[in-house]
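What you see is a predicted model; the values in this text were computed from it and never measured.
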Amino acid sequence: MDNAQEVERALQQLSKEIQILIRASEDPATPVTPELRARFKNLKDRIALGAEIGTVTGDKRELTDSERDFYQPALQNALLYFKASANAAPTKWLDTLLDIQVSIETMMARNSL
């Protein structure tokens, strides 16, 4: 059984979180709060876990075709671009966030074909 729709939803959730962080990092007036830094770090942790394990649930099991072909590669590629540190100013996150957004959206488009 494949889980293409579940993969699509997981990638969409990541994309939405990335968009929220992009908006925050584009505005130099955005207050740097512990919550904002935690969101950035949590995003990196979610991507790293998905890149390593490859399943949308984080369970260690055999990957479905969609996880193997779309989900895990998208997160592995996104992780390569994750250069910014959560301790950096949010404006310094922007390039990283834009790069990982492209990676996620590219795989979402491929998964839709």
Side-chain angles (χ1 to χ4, degrees):
M1 179 177 85
D2 197 35
N3 62 344
Q5 290 179 339
E6 189 177 359
V7 164
E8 181 74 17
R9 280 191 302 274
L11 291 175
Q12 285 174 348
Q13 288 173 340
L14 286 169
S15 181
K16 287 177 185 175
E17 183 65 14
I18 293 165
Q19 282 298 324
I20 290 167
L21 290 167
I22 285 173
R23 283 193 296 277
S25 66
E26 287 177 324
D27 183 2
T30 299
V32 182
T33 64
E35 293 82 5
L36 186 61
R37 290 190 190 283
R39 274 184 106 147
F40 187 80
K41 184 176 181 331
N42 288 340
L43 175 66
K44 184 174 184 177
D45 292 345
R46 283 175 53 198
I47 290 173
L49 180 66
E52 179 184 341
I53 294 177
T55 62
V56 294
T57 59
D59 299 333
K60 290 187 178 183
R61 59 165 168 75
E62 188 173 330
L63 302 179
T64 66
D65 289 343
S66 289
E67 288 169 334
R68 184 183 60 253
D69 296 341
F70 301 105
Y71 185 72
Q72 189 176 36
L75 300 187
Q76 287 172 335
N77 192 48
L79 191 58
L80 293 174
Y81 292 111
F82 227 113
K83 306 278 189 224
S85 164
N87 292 331
T91 54
K92 301 288 186 192
W93 301 345
L94 187 57
D95 287 341
T96 290
L97 291 167
L98 292 171
D99 287 342
I100 63 174
Q101 180 72 356
V102 167
S103 178
I104 300 293
E105 287 184 357
T106 298
M107 283 306 197
M108 285 171 49
R110 287 183 186 168
N111 189 37
S112 306
L113 299 176

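To the nearest 0.5 Å, atom CD of residue E6 and atom CZ of residue R9 are 6.0 Å apart. In this structure, NZ in K83 is found 12.0 Å from CG in D95, a value given to the nearest 0.5 Å. Here the CG-CD1 distance, from L75 to I47, works out to 6.0 Å after rounding to the nearest 0.5 Å. Interatomic distance, T64 OG1 to Q72 CD, rounded to the nearest 0.5 Å: 10.5 Å. Note: D2 CG to E67 CD = 8.0 Å, rounded to the nearest 0.5 Å. Residue Y71 holds its OH atom at 12.5 Å from CE of M107, rounded to the nearest 0.5 Å.
Not a single donor-acceptor pair under 3.5 Å links the side chain of N77 to the backbone N or O of S103.
In this view, K41 and D45 satisfy the side chain to side chain donor-acceptor pair (under 3.5 Å) rule, not counting sequence neighbours. Under the side chain to side chain donor-acceptor pair (under 3.5 Å) criterion, E52 pairs with no residue at all, not counting sequence neighbours. Taking the side chain to side chain contact (heavy atoms under 4.5 Å, CB included) definition, one finds that L94 meets it with I22, S25, E26, L98, sequence neighbours left out. By the side chain to side chain donor-acceptor pair (under 3.5 Å) test, D59 pairs with T57, sequence neighbours left out. Qualifying side chain to side chain contact (heavy atoms under 4.5 Å, CB included) partners for D27, counting only residues two or more places apart in sequence or in other chains: A29, T30. Scanning for side chain to side chain donor-acceptor pair (under 3.5 Å) contacts around R68 gives D65, with sequence neighbours left out. In terms of the ring-ring contact (aromatic ring centres under 6.0 Å, His included) criterion, Y81 has no residue partners (sequence neighbours excluded). A search for ring-ring contact (aromatic ring centres under 6.0 Å, His included) contacts involving F40 returns F82, W93, not counting sequence neighbours. Applying the salt bridge (charged side-chain N to carboxylate O under 4.0 Å, His left out) rule to E8 yields no partners; only residues at least two apart in sequence or on another chain are considered. By the side chain to side chain contact (heavy atoms under 4.5 Å, CB included) test, S15 is found to be paired with Q101, I104, E105, M108, residues two or more places apart in sequence or in another chain being considered. In this view, V32 and R37, P90 satisfy the side chain to side chain contact (heavy atoms under 4.5 Å, CB included) rule, not counting sequence neighbours. Evaluation of the salt bridge (charged side-chain N to carboxylate O under 4.0 Å, His left out) rule for R39 yields E17 as partners, not counting sequence neighbours.
Listed here is the closest heavy atom pair of P28 and T91: CA-CG2, 4.1 Å. Contact detail for I100 and A78: the closest heavy-atom pair is CG2-O, 3.1 Å. Scanning both residues, L36 and A24, for their nearest heavy atoms gives CD1-CB, 4.0 Å.
By the rule that hydrophobic residues join a cluster once side-chain heavy atoms approach within less than 4.5 Å of another member, L11 and L63 end up as members of separate clusters.
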